[in-house]
Amino acid sequence: MIKASVIVPVYNAGPYLMQCLDSLKGQTLQDIEIICIDDGSTDDSPRILDEYAAEDKRIRVVHKENEGLVAARKDGVRLAAGAYIGYVDSDDWVEGEMYERLYEKAEETQADLVTSGYLLEGNYTTIHYDTIPEGMYNEKKIKLLRDNTIYRLEAKETGLRGTLCSKLFRADMMKKVQRQIPDVISIAEDKMCLLTYVLECTSVYVLKKAYYHYCIHSTSMAHSPDTEYLSHIQEVYSFLCRLYRHPNFTETMRTQAELYITELLVIGLNQRMGFKNRNLLWVDPYWLDKIPKNARIVLYGGGELGGKYKRQIEVRGEASYIGCIDYGYGRYTDGELQVENPAFLKEVNYDFIVITIKNQRKAEEIKEQLIKDGALENQILWFEQREIFWKFAEAEGLLETEEPNEA
């Protein structure tokens with residue numbers, strides 16, 4: 001039997017597809033099949049797929065009418081002949097040892113699911129792991145994992161990362177689970193599939209390694225207004241309501257599911273629904289109360305978040321905006337901020353540098369680099385910006401749950 005089937009749904013991914021396919025062809029685990037489902041692409045993706053299939057017999061291509069991601073994955077799962085199933089999005093890529101490492105761990109532990117982290121590549125690269133401790137979860141521990149799958153409430157963080165693409169699933173089980181996901185679900189489809197699988201399986205291994213490169217592109221759906229977004233959330237909520245009746249679905253999981261729907265609503269208001277005032281609930285403006293009045297502020301971060309901080313400074317009028325810096329300043333040529341090389345700090349008088357990056361680990365890396373370049377540590381500030389619903393969940397006492405220890 002083939003060791004692993006990798007399913008790649010493809011829709012108009014021409015500019016990125018070759019990098020994706022090359023990364024799969026180069027896997028150190030050779031005994032794999034690569035099932036590419038061309039979901040009605042209108043660019044040169046079909047030609048690229050056919051050329052790669054002609055060169056490598058492990059690549060199988062199916063051309064079909066456009067029916068959406070879930071339907072494409074179902075087609076791939078039906079064709080899969082491997083002992084395990086993995087998924088890759090056609091605009092991403094994976095490191096050469098990914099499937100060998102996941103397969104080895106699956107065989108060693110006999111886990112139904114091996115889950116790992118990923119590298120998120122946008123304006124900068126960050127590494128994201130499951131926040132559940134590394135190790136094996138089975139028997140009594142599988143309930144604990146289920147109760148922390150959607151969120152680790154104490155950490156106010158995702159428990160298992162929702163993407164299917166950094167994971168390896170037992171094929172016979174995924175074939176049953178994937179069929180249960182409605183084709184109409186077009187947001188959070190990964191999360192719903194993962195949640196269903198975790199309810200059905202009996203063992204999960206959490207691996208604190210990252211092999212998958214999840215690439216953010218300016219042309220992605222997340223950057224386009226979606227006037228049907230609320231109806232898409234309704235489809236997710238309807239599916240969750242059906243999962244509530246599953247014998248392994250706990251009250252803790254229901255609390256988390258309701259918080260997750262709240263998160264989707266906030267994401268919609270901030271980014272997806274096309275509101276003129278984007279990201280209205282994104283940044284708590286009271287960070288400014290922690291800075292002395294009349295302070296002169298330089299912002300680090302030339303993206304949309306930096307622009308939000310700048311507007312809050314200007315509206316409050318209690319501090320002065322001096323400018324914006326970023327080590328990747330060359331990338332920001334058409335945004336609302338004029339972004340300077342960090343050497344700009346030597347040319348201006350300022351009191352504080354405020355790092356406008358939500359990811360704490362990345363913010364700490366930037367802080368260390370700024371200090372190396374001459375900035376004073378006590379002048380560099382970073383403010384945690386949790387999603388707003390966490391404040392209300394904490395006030396309602398919803399965040400008390402049993403924490404998983406190292407497995």
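We count residues from 1, following the sequence as given. This structure is a prediction, so every number in the text was calculated from the model and none was measured.
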To check you understand the geometry: which heavy-atom pair defines the closest contact between [X] and [Y], and what is its length?
| X | Y | answer |
| --- | --- | --- |
| Asp112 | Thr202 | OD2-N, 2.9 Å |
| Ile150 | Ala257 | CD1-N, 3.8 Å |
| Gln312 | Pro285 | OE1-CA, 3.4 Å |
| Met253 | Asn248 | SD-O, 3.8 Å |

- Just jot down the side-chain contact (heavy atoms from CB on, under 4.5 Å) partners of Glu100, sequence neighbours excluded, or say none.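 Once residues adjacent in sequence are excluded, the partners of Glu100 under the side-chain contact (heavy atoms from CB on, under 4.5 Å) criterion are Thr28, Leu29, Glu104.
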From [X] [atom1] over to [Y] [atom2], what is the distance, rounded to the nearest 0.5 angstrom?
| X | Y | atom1 | atom2 | value |
| --- | --- | --- | --- | --- |
| Ser231 | Asp226 | OG | CG | 7.0 Å |
| Ile185 | Ile187 | CD1 | CD1 | 9.0 Å |
| His232 | Arg272 | NE2 | CZ | 7.5 Å |

- Lys NZ or Arg CZ of Arg73 over Tyr87 ring: under 6.0 Å, within 45°: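 Cation-pi check for Arg73 and Tyr87: passes.
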- Task: Please say whether the positively charged group of Lys191, taken as NZ for Lys or CZ for Arg, lies over the ring of Tyr260, i.e. under 6.0 angstrom from the six-membered ring centre and within 45 degrees of the axis.
- Result: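 Judged by the rule, Lys191 and Tyr260 form a cation-pi pair.
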Side-chain donor/acceptor of [X] to backbone N/O of [Y], under 3.5 Å:
| X | Y | result |
| --- | --- | --- |
| Arg170 | Gln110 | yes |
| Glu121 | His213 | no |
| Asp39 | Glu67 | yes |
| Lys3 | Ala83 | no |
| Lys167 | Arg161 | yes |
| Asp147 | Thr252 | no |
| Ser5 | Ala80 | no |
| Asn148 | Leu144 | yes |
| Asp43 | Gly14 | yes |
| Asn270 | Leu281 | yes |

- Could you walk me through whether Ile35 and Val61 pass the side-chain contact (heavy atoms from CB on, under 4.5 Å) check? CA-CA 6 Å; Ile35 303 173; Val61 177; over 6 Å; no
Quick one: are [X] and [Y] in side-chain contact, heavy atoms under 4.5 Å?
| X | Y | result |
| --- | --- | --- |
| Ile142 | Ser203 | no |
| Leu113 | Met173 | no |
| Glu394 | Lys391 | no |
| Thr356 | Trp382 | no |
| Val77 | Ile85 | yes |
| Ile357 | Ile366 | yes |
| Leu370 | Ile325 | yes |
| Tyr350 | Leu345 | yes |

Please confirm whether [X] and [Y] have ring centers closer than 6.0 angstrom.
| X | Y | value |
| --- | --- | --- |
| Tyr309 | Trp287 | yes |
| Phe169 | Tyr84 | no |
| His217 | Tyr16 | yes |
| Trp93 | Tyr214 | no |

Can a salt bridge be assigned to the pair [X] and [Y] using a cut-off of 4.0 Å between side-chain N and carboxylate O?
| X | Y | answer |
| --- | --- | --- |
| Asp289 | Arg316 | yes |
| Arg47 | Asp50 | no |
| Glu364 | Arg361 | no |
| Arg60 | Glu33 | no |
| Glu368 | Lys372 | no |

- Please step through side-chain contact (heavy atoms from CB on, under 4.5 Å) for the pair Lys25 and Ile59, ending with a clear verdict. CA-CA 9 Å; Lys25 284 179 60 179; Ile59 298 175; 4.0 Å; yes
- Begin from the C-alpha positions of Leu381 and Ile355 and carry the test side-chain contact (heavy atoms from CB on, under 4.5 Å) through to its verdict. CA-CA 6 Å; Leu381 304 176; Ile355 299 176; over 6 Å; no
Pair [X]-[Y], side-chain donor/acceptor within less than 3.5 Å:
| X | Y | value |
| --- | --- | --- |
| Asn12 | Ser45 | no |
| Asn294 | Ser320 | no |
| Gln338 | Glu340 | yes |
| Glu251 | Tyr244 | no |
| Tyr11 | Asn66 | no |
| Tyr52 | Asp22 | yes |
| Asp284 | Gln385 | no |

- Query: Run the ring-ring contact (aromatic ring centres under 6.0 Å, His included) check on Tyr151 and Trp390 step by step: do they pass?
  - Reply: CA-CA 11 Å; Tyr151 296 115; Trp390 285 118; 4.9 Å; yes
- Task: Starting from the C-alpha separation in whole Å, work towards a yes-or-no answer on side-chain contact (heavy atoms from CB on, under 4.5 Å) for Leu259 and Leu153.
- Result: CA-CA 10 Å; Leu259 284 171; Leu153 293 180; 3.9 Å; yes
- Identified side chain to side chain contact (heavy atoms under 4.5 Å, CB included) counterpart of Val62 within the set Leu49, Val10, Ile37: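 Exactly one pass, corresponding to Ile37.
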Other residues, nucleotides and ligands only: do more than 12 of their heavy atoms fall within 6.0 Å of [atom1] on [X]?
| X | atom1 | value |
| --- | --- | --- |
| Phe344 | CZ | yes |
| Phe249 | CZ | yes |
| Glu384 | CD | yes |
| Glu55 | CD | yes |

- Message: Before you tell me yes or no, could you show the steps for Asp183 and Lys74 under salt bridge (Lys or Arg N to Asp or Glu O under 4.0 Å), namely the whole-Å CA-CA distance, both residues' side-chain angles and the distance that decides it to 0.1 Å?
- Response: CA-CA 9 Å; Asp183 291 358; Lys74 287 179 180 177; 2.7 Å; yes
- Message: Under the rule for salt bridge (Lys or Arg N to Asp or Glu O under 4.0 Å), what residues qualify as partners of Arg146, not counting sequence neighbours?
- Response: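 Here no residue qualifies.
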- All salt bridge (Lys or Arg N to Asp or Glu O under 4.0 Å) counterparts of Glu387, not counting sequence neighbours: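 With sequence neighbours excluded, Glu387 shows a salt bridge (Lys or Arg N to Asp or Glu O under 4.0 Å) to Lys358, given in chain and number order.
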